[in-house]
Amino acid sequence: MIGLNHYLILSGLLFSIGLVGVLRRKNLLMLFFATEVMLNAANIAFAAASHFYGDLTGQMFAFFIVAVAASEVAVGLGLLIVLYKKQGTLDLDDLATMKG
Amino acid sequence: MYEQIAFYLFSVLTVGLFLVTVLSSNILYAMTSLAAGMVLISGLFFLLGADFLGVVQLIVYVGAVMALYAFAMMFFDASKEIKEKNTSSSLVFLLGGLMAVLLVLMFAAPILGENIQASYPPEVGATNPQAVGLVLFTKYLIPFEVAAVMLLVAMIAGIVLAGKKMDESLTTMDDEEVTLQKDKK
Amino acid sequence: MLEPISVSLASLNLVTLAPMLVAVAGGLILLIIDLIKGDLHKSLYVMLTILILFVDFGSVMGLNVNERGFFDVMLIDGIAIISQLLILAASMLFIPLALTSKRFHEYSYPEFFALFLFMIAGFQFMVASDNLILIFVGIETASLSLYTLIALHNRYNSYEAAVKYFTMGALAAGFYAMGSAVIYALTGSVELYQIAEVLQSRISESSVMLAVLGGSVLLLGAFAFKLSLFPFHTWTPDVYEGASAPLAGYMSIVPKVAALVVAMRIFGLYIDLGVEWVRIAILVLSVLTMTLANMMALVQDDVKRMLAYSSISHVGFVMAAIALDTTKGNTGVFLYYALYMFTNLGAFAMLWISRHKNRVFHKRFDHPYEKFSGLIKIMPMGAVVMALFMLSLAGVPPFSVFWGKIYIMSAAVDAGYVWLAVVMGLNSAIAAYYYLKLVVYMFLKEPEGNDDTIYYNTSKPLMSMIGIAVVATVGSVFFMQPLISYIFYMVSASGY
Amino acid sequence: MENILSVLIFFPAVAGLLGFVVDKNSARVYGISVAVVEFLLSLWLWMSFDGTNAGMQFVEIIPLVPDFGISYYVGVDGISLFIVVMAALMTMLGMISMNIEKDIKNMVISLLFLEMTMIGVFVALDAIVFYLFWELSLVPMLYIIGAWGGPLRIYASVKFFLYTFSGSLIMLVGMLFMAYLYQSISGVWSFSITDWYALVLPMNYQIWLFLAFFIGFAVKVPMFPFHTWLPYAHGQAPTIGSVILAAVLLKMGTYGFVRFSLPMFPDASTQMIMPIAVLSIIMIIYTAMVAYAQKDIKQVIAYSSVSHMGVIMLGIFAMNAEGIGGSIFLMLSHGIVSGALFMLVGVIYDRRHTKLMSEFGGLASVMPKYALIFGIMLMASVGLPLTIGFVGEFLVLLGFYKVSVIGTILAGTSVIVGAIYMLSLYKKSFFGPVTNEENSKLADLDAKELVALVPLVVIVIWLGVYPKPVLGPIDNSVKALLGFMHEKAQTTEVKEIITLSKNIKEAK
Amino acid sequence: MEKFVYIALFAPLVSSLFAGLFGMTPKKMFVGVIASLLLASSFVASAILAYHVNLTGSGIHVTLMDWIGAGDLKIPFGFIVDQVSVSMMVVVTLVSTVVHIYSIGYMDHDKSFNRFFSYLSAFVFSMLVLVMSDNFAGLFIGWEGVGVCSWLLIGFWYHKPDVSPEINPSISPSWAANEAFIVNRIADLGMLIGIFILYWNVGSLQYDVVFAELPNLANGVLVAAAIALFIGAMGKSAQFPLHTWLTDAMEGPTPVSALIHAATMVTAGVFLVIRAHPLFMMTPEVSYFIASLGTFVAIFAASMALVNRDLKRIIAYSTLSQLGYMFAAAGLGAYWIALFHLAAHAFFKALLFLGAGNVMHAMHDELDIFKMGGLKKAMRWTYIYMGVASLALAGIPPLAGFFSKDAIIETAFNEGTFILWAILVVTAGMTAFYSFRQVFLTFEGDERYKEFGIHPHEMYKFVLIALAPLGILAVIAGFFQKTFQGFVTDLLPNYEMSEHTHHLAMILGAVVLVFAVGGIALAWIKYGKGLKRNEKVENGFFYKLLKNQYYIPQFYAEFISKPYAMISEIFWKSVDMKIVDATVDAIAKTIHTTGDSTRKMQTGNLSNYLNWMGVGVVILLIAAAITPMLG
């Protein structure tokens, strides 16, 4: 029988994968992909818990996470565009004028 | 039985696909596998009876978000192989691995509470979208509206940031230049 | 078919929503005005914004304590009211700073003001709810606006700042989502009061302890980012440096207040449940934060970055008060920010009016210390005012921040954390060094470079804002009593 | 005039604010006028003071933050009265003797603010108000040292500020804890010192609180080994800065011990007699020897200040009326004498722009008046009877004898080591032939300097010959203090250590 | 009678202040005259008081005002004129008056003439406070006051440069002044401790109260108090080992040496022992120690005087030696004899010094007696005065010294302390020898000064006349021994020789006389006809030892002064700067370096920032995972 734990573990694994992506990616666009992975991992957990409690709140949360993800993409891409116009690259190693 | 098979199938596939997403150095592979993983996740949602969420996942993520990324990818001319320097930090994998171990440990526990009353159970006899709609437009009306504002913000932000006006910066221009530019218009 | 659901309007308690509605509607109005007639002067928008904020402020004042609305999603308790008032007051102090004598990019957008109002609405939602979903959506609304506002300053540093902030914010959002998911999986609820109830019954299950703590860790990670606690603070100095000075000052107050309120709600819940671990974790983080940030501030070459680190340190200070989880500690949080607000905004405003479009004094920094050398000779009043702010930030009595400091230290002592108070004291001493450094530059050194260009961005509105800040900083002792009793009443009324 | 204390505190502050308007060239006169008025006000305070009343007089209470127990609460007793008068006097004379041209207006304003804070510290009866003035006094001093000082002025001023500031923050924690204890016992918040007196605390609390307050005060005193900011501060400060610093600011620390530590923690204080005595004796001998090694006249006097402060500390912890009364008198006398000595160093510095002893020699031939006044102050500094310096030192040593014989003998070496460094200083700079050509044409004291110095000479002799008008009220208040401590002490051993005068014992 | 007390006491103060008014102006003759007149009036008042006291047999006690009142301590400015103090007053004011008049002549050419009188009168005032005070604190005022005046006067010629000790053992007047002051301070500390002991055990510092209370005190307390007070006395009276300052003090003008360092101030220690005799009587151990030390100093100082070539230093050593006699007497309980010797000594020693001053005046400040000789032609009166004074000092009857010193030696015999007696007798012989060695080398023999082109001349007439009272007293004072005894023993315990001693008195006197005359004769043989130097003796160990004052000054310099300076330097440079201050700075530096290294985490690279967040969360999670396991 597949229980909540199975889903949660899956979610945890995906979350970790997303984290790895966020931590290692140097290309901003690809880094954003990884954040999507993390949010999706959370969504799975919500949907699963929602299912096993028979409660819709989790689905609601997942729903809003999707909305947030979409908004973030819009703003994030907007930022990337201005940055790209100025810098010509999305490599975040080049993004270090301010430090110390 | 089929639920188990589906779960394990979807799970293994999503994990694999997302691994490709975060590890591949080809942005096209990464994006494609991300999109595919999201489709599979919507499959998990269906499996969990969250039909509406599954659909939203498909439409919003796979449809809208991925399309945006695709456009962005083209805009940034990133379709070619991307060279990332100093990515193979063992620290990253250590952190990711530790995180995974800890989360698995955490989730392996009997996390499902007993005797917990569902606060918002699906309306009896309603389909999942109906039930979702009922909750969304009563209890979660306010977050819903705020989400609308958020999307509006995102839209304005996207427009403003990507707009032509950002090309020249008043911030770095001297006063004379500002007036000059105004006159030009 | 399903039965239609009827909900009475009265039960919705719409008034709880009024302040946010004002802000959102205001933002929309500004957008519409822009649509109808472009090319209007920024002063119009500034004044309209102030008016909207004023109405917003009024509607918050009109709220009753401890009300819920809209299917209990909205929670108007004391801390929600105080924090909204703080947010609005800080916003009203901030927005006139747009009226500089020089033109800056962001103020040429009417959207700037609309986004600003949406952001405020986001913060208001964030503090006026105990529903994790609404909190999340509120945070994101506010954050997304804020990223944009930073980027709109439109120079390379501000993009860099916005991107850094955004990316780390996205990671924090991931932590928040996952943390909420864990909690939801544990309790089947996303509403804090229900979570508290369920957790109360499950706290004895040792097998889920890791999950309970793990959820708190993920949330703590998210809020530590928002509050810039060590080691989640790394964005702060860069973002402050990249943002315009007033916005940096604003960021050191309003988002922090909002995040602190939520942190108070969430972690207060844990501590109330007797999860000492959370308290210790917060204490460790906050002590690390104030100490290390202070030490880093010590070695800065730029005043703005120094102020950035100092604001991190101040947050550490305040965060420790939350860990105390006493009414006095929580009162101290708001008191501190109410007082810190004036001083800090004043300090950043002083930077703002000394802001050059080109870097005259240093090739990287806008506000290197050298810029302020011998200011007492060039602009005595300016130097005195800046020194006043610095001394206040250092906690020299009787200036405003001192009162906040002793209140929080007193709270720590009351709660039995004398060592914490000592750490706070020692940190204040370290902090005094870098504030003093600026004072030393201004008063004790000879001017460098051309003198007349320092206060170049000045204008009447800026001066009056600084005037207000000075009055509030110096005269704080006279409004301490009403302030303390009001805040204490509000905090204790909402049970924190 | 019942609110004379508030007038005393805020008159210089208001004058300082108005000073911004005064023209640069008139600033000096403005400053002097204000200081004179302030001094006259302080004399009025003395005249209206009832010397037979040992308690607080001219008390004013205005609640500031009642919820938190903070109020504007001021008053004087015999212990603080004279320090206030001295603060006003030294500010006035310092201002008169001041020989600064650069940014004179800023200097005058800083001095006036400094005067406010000094007087505020000594009349405050609310811990927070005390702390407020205490910290605030650092700011003008920082500016005075930093803006008009020598080559290392910034280092010196920042060190001064940070050192004192760090110490006092620990003290602040102590105050907060004290308030908390008061609140937990009485149920109301109060930072009033007189309220705190009423608390009878358990021993372990007393010790910790004592230590917290100790750190704050010890840095200010400055006690060994917290003293190293002082030579820098003095060495770099302009004359006026050193005068005020030595005359008044250092007294804040010792005053703090009398006002806070003793009556609030009598048991802990008696417990700490020995450690403090050891530190004080080290201070006395060690810094006197360090003073002897100095090459710079001002540094000698700076270190001698530390040494004398050690004697004051010793007297405070003698726990009898002779010792404490002597200490307070010594605070006054040290204020006047060291202030005068710093002024005198300033005189020679103005003329020669050096303070090294090796640059001088034979000054007595060239500047006889100067040498005379310096000699008188020197003798007062080494505690010659019939000068102001003797009374206090004698009483302190006399009082401390009760505590420890060996300690008194060791501390008594201050009369020897003090004579050694002072006389060798005098010999090196004033005696011998005029070897340096530059010194042969030096002008003797001018009218301005005489106006500043002669009153000090008069006081030095007057109070040396007839200290009663000052010692009387001090003695009254000290006896009351001791009586109070005796009553409050929890164990009989402590009660025995706190030596009451016989007339108190008889009265009971 | 009170008004005479005040006249006696304050006339010198008025004189000092009056002279002080002109302190910075050029010489004014009237300053000296008025000062002398005021001093004379003080003397007259003292004499009247003495007469009064003698008549009534009781002292006069006046209280001027309160001085210090704190706790239980009440110190008034109280003065008591009783037999002891009035004797001292008379001696002090008499010698002072003479010295003042003398100084008008002696300081004739000094540009600081007025200042000198100011200091000198101030000294007299302090000395009077010392002797007249009715309590220990008042005594201490005078005690310190005379110290300061002594400092001022020794260093009167402060403008002289320092020279190496080989050239001038005193280095410079200012150096000698400082030495005197500091050495005295060491002793003063003892005195202070003595005062503290008495206060805390008696509760008062008034003589009468203290002495009345003494029988109730424990022996230990008494001994401690006696020792502490005697340490004070040792400093002022330059007893071994605090004696070095006295010879160096000869750097001061000669009237100062006469007044302060011979007649008055240095006897303050003896006065203290006499004043506090109830205490010392109750502590026989201490008294015996005092006597022994006195005896030791007597011979010790005399031995150094044997070889010295410095006119004033010889007299200074003799002063030291005579002080030893006085202490011997006081320590043996013969207080009145001590006081008598004190007075007699004051007269002839002052005379001796003043005579030496005349010689100096004549010799243009030359002090080396090897460079003098044959001065009797030019300075007949001075020769007579110095001869008389030396005879008195040597104890030749019927001069004053014979009576007073003989009594002391007799006392030593009487007490059965034969060793002391023997030493004192030998010392008497030595005294005679060095006194006359000096006299003969100065006035007799060949005129060695001529090589140096000096033309000596006699002192002013009025000065010589003014010396007459001292000369007369040096001769006749001894005849008043019985009167004096009768007078002071109203207050002091009487001391009579035992029957046995009484019988032997003549023999004992004869023994002493033999030694004295022998000494004079030896001096005449060796030096009467002129100076014959004996290289062999001068290079001998003993000669060198004595010449170098037993190497004690060198010892002090090497083992006290230099180490003190060195340790001071170490304390400053190594301890204060390198340890104490460096610790403080190190703390600040550590904070700073920590900041500098922590700031490195702020690389500016977003990836690092994200990693930091990851690290933060993972560490917290690990902690969260570990905590439940730990319980």
Side-chain angles (χ1 to χ4, degrees), chain D residues 159 162-163 224-225 227-229 286 289-290 292-294 320-322 325-326 329 362 364-365 368-369 372 379 382 384-386 390-391 394-395 397-399 401-402 405 408-409 412-413 415-416 419-420 423-424 427 430-434 465-468 471-472 474-475 478-479 501-503, chain E residues 23-24 65-73 77 115 137 140-145 147-148 151-152 155 158-162 172-175 177-178 181-182 185-186 188-189 192-193 195-197 199-200 203 224 564-565 567-573 575-577 579-581 583-585 588:
Chain D
K159 188 167 191 164
L162 287 182
Y163 214 139
F224 177 87
H227 66 279
T228 50
W229 60 267
Y286 165 83
M289 290 183 79
V290 175
Y292 178 67
Q294 300 301 309
N320 49 43
E322 290 86 353
F329 194 84
S365 321
K369 287 180 210 161
L372 173 68
M379 283 302 161
V382 300
L384 185 77
L386 296 192
F390 175 72
V391 181
F394 177 74
L395 286 174
L397 293 176
L398 179 79
Y401 182 84
K402 183 86 175 102
V405 179
T408 312
I409 294 172
T413 53
V415 304
I416 303 165
I420 291 174
L423 291 181
S424 78
K427 173 171 158 36
F430 287 84
F431 289 159
V434 184
V465 175
Y466 192 55
K468 200 176 172 187
L471 209 47
I474 291 177
D475 191 40
V478 168
K479 278 177 185 155
S501 333
K502 289 203 190 78
N503 36 21
Chain E
M24 290 169 196
M65 61 182 190
D66 283 346
W67 183 35
I68 296 177
D72 295 329
L73 179 68
F77 280 118
R115 189 161 62 90
F140 192 74
I141 298 178
W143 198 265
E144 291 280 284
V148 169
W151 177 73
L152 287 168
Y158 57 80
H159 48 77
K160 288 188 183 167
D162 285 5
S172 73
S174 49
W175 190 90
N178 281 0
F181 194 88
I182 290 163
R185 276 264 155 161
I186 296 172
D188 291 349
L189 176 59
L192 273 177
I193 301 290
I195 291 176
F196 298 158
I197 295 173
Y199 173 72
W200 284 110
Y564 185 83
I567 295 170
S568 297
E569 196 78 13
I570 291 171
F571 273 171
W572 176 36
K573 294 227 167 103
V575 180
D576 217 43
M577 289 292 117
I579 298 176
V580 182
D581 192 41
T583 313
V584 178
D585 281 357

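Reminder, nothing fancy here: chain letters follow the sequence lines and each chain counts from 1.
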Counting only heavy atoms not in D/K427, do more than 12 fall under 6.0 Å of its NZ?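 Yes - once you tally the heavy atoms of other residues, nucleotides and ligands closer than 6.0 Å, there are more than 12.
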Do [X] and [Y] have side-chain heavy atoms sitting under 4.5 Å apart?
| X | Y | answer |
| --- | --- | --- |
| E/M65 | D/V465 | yes |
| E/R115 | E/M24 | no |
| D/I420 | D/M289 | no |
| D/H227 | E/D576 | yes |

Rounded to the nearest 0.5 Å, how far apart are CZ of E/F181 and CD of E/E144? 6.0 Å
For chain E, which candidate among [options] shows the most heavy-atom pairs at distances under 4.5 Å?
| options | value |
| --- | --- |
| D/G325, D/G412, D/S424, D/G399 | D/G412 |
| D/L397, D/T408, D/V434, D/N320 | D/L397 |
| D/D475, D/L372, D/L398 | D/L398 |
| D/G472, D/G326, D/G362, D/A364 | D/A364 |
| D/A293, D/A321, D/P225 | D/A293 |

Counting only non-hydrogen atoms closer than 4.5 Å, does [X] touch chain D with its backbone (N, CA, C, O), its side chain (CB onward), both, or neither?
| X | value |
| --- | --- |
| E/F77 | side chain |
| E/W67 | both |
| E/V580 | both |
| E/S174 | both |
| E/D66 | both |
| E/W175 | both |

Count the heavy-atom pairs under 4.5 Å between each of [options] and chain D, then report the option with the highest count.
| options | answer |
| --- | --- |
| E/D188, E/I195, E/I197 | E/I197 |
| E/I570, E/I567, E/I193 | E/I193 |
| E/N178, E/I141, E/D162 | E/N178 |
| E/I579, E/D585, E/L152 | E/D585 |
| E/V575, E/T583, E/L192 | E/V575 |

Does D/Y401 have its ring centroid less than 6.0 Å away from the ring centroid of E/Y199?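 Between D/Y401 and E/Y199, the centre distance exceeds or equals 6.0 Å.
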In this structure, is the centre-to-centre distance between the rings of E/F196 and D/F394 below 6.0 Å? yes
Check the orientation of D/F224 and D/Y286. Use parallel for under 30°, tilted for 30 to 60°, and perpendicular for over 60°. perpendicular
E/P161: which residues meet the side-chain contact (heavy atoms from CB on, under 4.5 Å) condition with it, sequence neighbours left out? D/P433
Against chain E, label D/V405 side chain, backbone, both or neither, depending on which of its atoms sit under 4.5 Å from a heavy atom there.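 For D/V405, there is no contact with chain E at all, as no heavy atom is under 4.5 Å.
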Contact class of D/K159 relative to chain E, heavy atoms under 4.5 angstrom: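 The answer is the side chain of D/K159.
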What residues, two or more places apart in sequence or in another chain, satisfy salt bridge (charged side-chain N to carboxylate O under 4.0 Å, His left out) together with E/K573? E/E569
